[in-house]
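Side chains included, hydrogens not; waters and symmetry mates left out as well; all remaining heavy atoms used. In what follows, chains are A, B, ... by sequence order, proteins preceding strands, each numbered from 1.
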Amino acid sequence: FSSFPGMPKWRKTHLTYRIVNYTPDLPRDAVDSAIEKALKVWEEVTPLTFSRLYEGEADIMISFAVKEHGDFYSFDGPGQSLAHAYPPGPGLYGDIHFDDDEKWTEDASGTNLFLVAAHELGHSLGLFHSANTEALMYPLYNSFTELAQFRLSQDDVNGIQSLYGPPPASTEEPLVPTKSVPSGSEVPAKCDPASSFDAISTLRGEYLFFKDRYFWRRSHWNPEPEFHLISAFWPSLPSYLDAAYEVNSRDTVFIFKGNEFWAIRGNEVQAGYPRGIHTLGFPSTIRKIDAAVSDKEKKKTYFFAEDKYWRFDENSQSMEQGFPRLIADDFPGVEPKVDAVLQAFGFFYFFSGSSQFEFDPNARMVTHILKSNSWLHC
Amino acid sequence: AYPLSGAAKEEDSNRDLAQQYLEKYYNLEKDVKQFRRKDSNLIVKKIQGMQKFLGLEVTGKLDTDTLEVMRKPRCGVPDVGH
């Protein structure tokens, strides 16, 4: 990686941006979300945060133009130069110009706006080009980048963190005890006795424990769970999830947040998602679910919301009649609200706050109560 | 003047492409003459610098791979600091 000569960088961590005009190639909201996604790429690995202005002078002014457009670098028609940006500073500095003689697209059929925007934002934040062909800051546009799997290379992360450092409290075990529920900017502590999880799922034999913007990954071969940003594997997924579960027979993990859900296979988010949760058969009164687990033997998926649960038949792909039922009636000893559920070794593990209830479905009773983070060798 | 043969024309356009590319992204001074002298040491060095940065074989010549890369879409920010 490299920074601009003189190493210009922003002297503040909260920056503003403004989308000054739009390309006719895409709907406005597609441009908005491409830019937001590109900002998030850098937000995740630095202390930087961004907010949008709709008028006046922002730090990063984003515009589309063709040929000569008022600076010293006129564009060159379709091809070659796609966009350019200026290093941090006042006025023109920090700004991004896209060549509107390119065909801007949301996918790879033309020039992908998200990918180019993420690169140009690297310049707006002070990164120069990288000679690492795997890096986002490599100067040539790589149309074969797997968009769903996009992740910053270590070279990019090293470069931007050489300017701004890592996200706050970047060590996994923060030096100072965090509050029981870390706020957005803190990193969750694995062995915090009060720790809880947002969602838990298996994935091809591994266990994923989601929390805030991160997840712990527990595999068979590595006793020490790995710790990652969700966006490092699935950039288009939200954070602060509600629920997650794997349907083994479909080699797919379903991720829920609010009234939407995504399908992921490995680290690829499947096309056609997110979908609305009501397409699964929930009543419109349900705004979100708290937890879910799929019983691979019975091919039934259980959805938990507040003190009730639903059962979904994976064969007929429909919600079963006679639901919702009360959790307390069929899972005695499990206290709502349920944060996450895991099926393993013939038991169901219900996670609620810092407690975990091991439930034996045959005996229909709770057999153990453990700490939620016992799976992380705490 | 003799009409340029196809090969000579192509060579000319390749040199033009390379000259613009090096001026735009590798800080080459805009000076037509020096580019005409193919063996100009400065040009060879600039071509080698570009090939090294972009991960190409460093030949100092406008070989096929180098010409192909120069035709690829890219960011408009130079690779060498002004």
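Using a 4.5 Å cut-off between heavy atoms, A:Glu120 touches chain B through its side chain atoms alone. Only the backbone of A:Ser130 has a heavy atom closer than 4.5 Å to any heavy atom of chain B.
When every heavy atom of B:Gly76 is checked against every heavy atom of A:Ser81, the shortest pair comes out as CA-OG, 3.3 Å. Considering all non-hydrogen atoms of both residues, A:Thr133 and B:Leu54 come closest at CG2-O, 4.3 Å. A pairwise comparison of heavy atoms in B:Pro78 and A:His129 identifies O-ND1, 3.3 Å as the closest pair. Taking each heavy atom of A:Ala85 and B:Val77 in turn, the nearest pair found is O-CG2, 3.4 Å.
Applying the 6.0 Å contact sphere to OH of A:Tyr93 captures no more than 12 heavy atoms from other residues, nucleotides or ligands. For A:Gln270, the CD atom sits in a packed shell: over 12 heavy atoms of surrounding residues, nucleotides or ligands are nearer than 6.0 Å. Counting heavy-atom neighbours within 6.0 Å of A:Glu68 CD, excluding the residue itself, gives a total above 12.
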One pair to check against side chain to side chain contact (heavy atoms under 4.5 Å, CB included): B:Lys24 and A:Asp76. What are the steps and the verdict? CA-CA 11 Å; B:Lys24 200 166 177 183; A:Asp76 50 12; 3.3 Å; yes
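Most heavy-atom pairs under 4.5 Å with chain B: of the set A:Tyr138, A:Tyr86, A:Phe4, this distinction falls to A:Tyr138.
Put simply, the side chain of A:Gln80 gets close to the backbone of B:Met70: a donor and an acceptor are under 3.5 Å apart.
To the nearest 0.5 Å, the span separating CG on A:Asn142 from NZ on B:Lys72 amounts to 7.5 Å.
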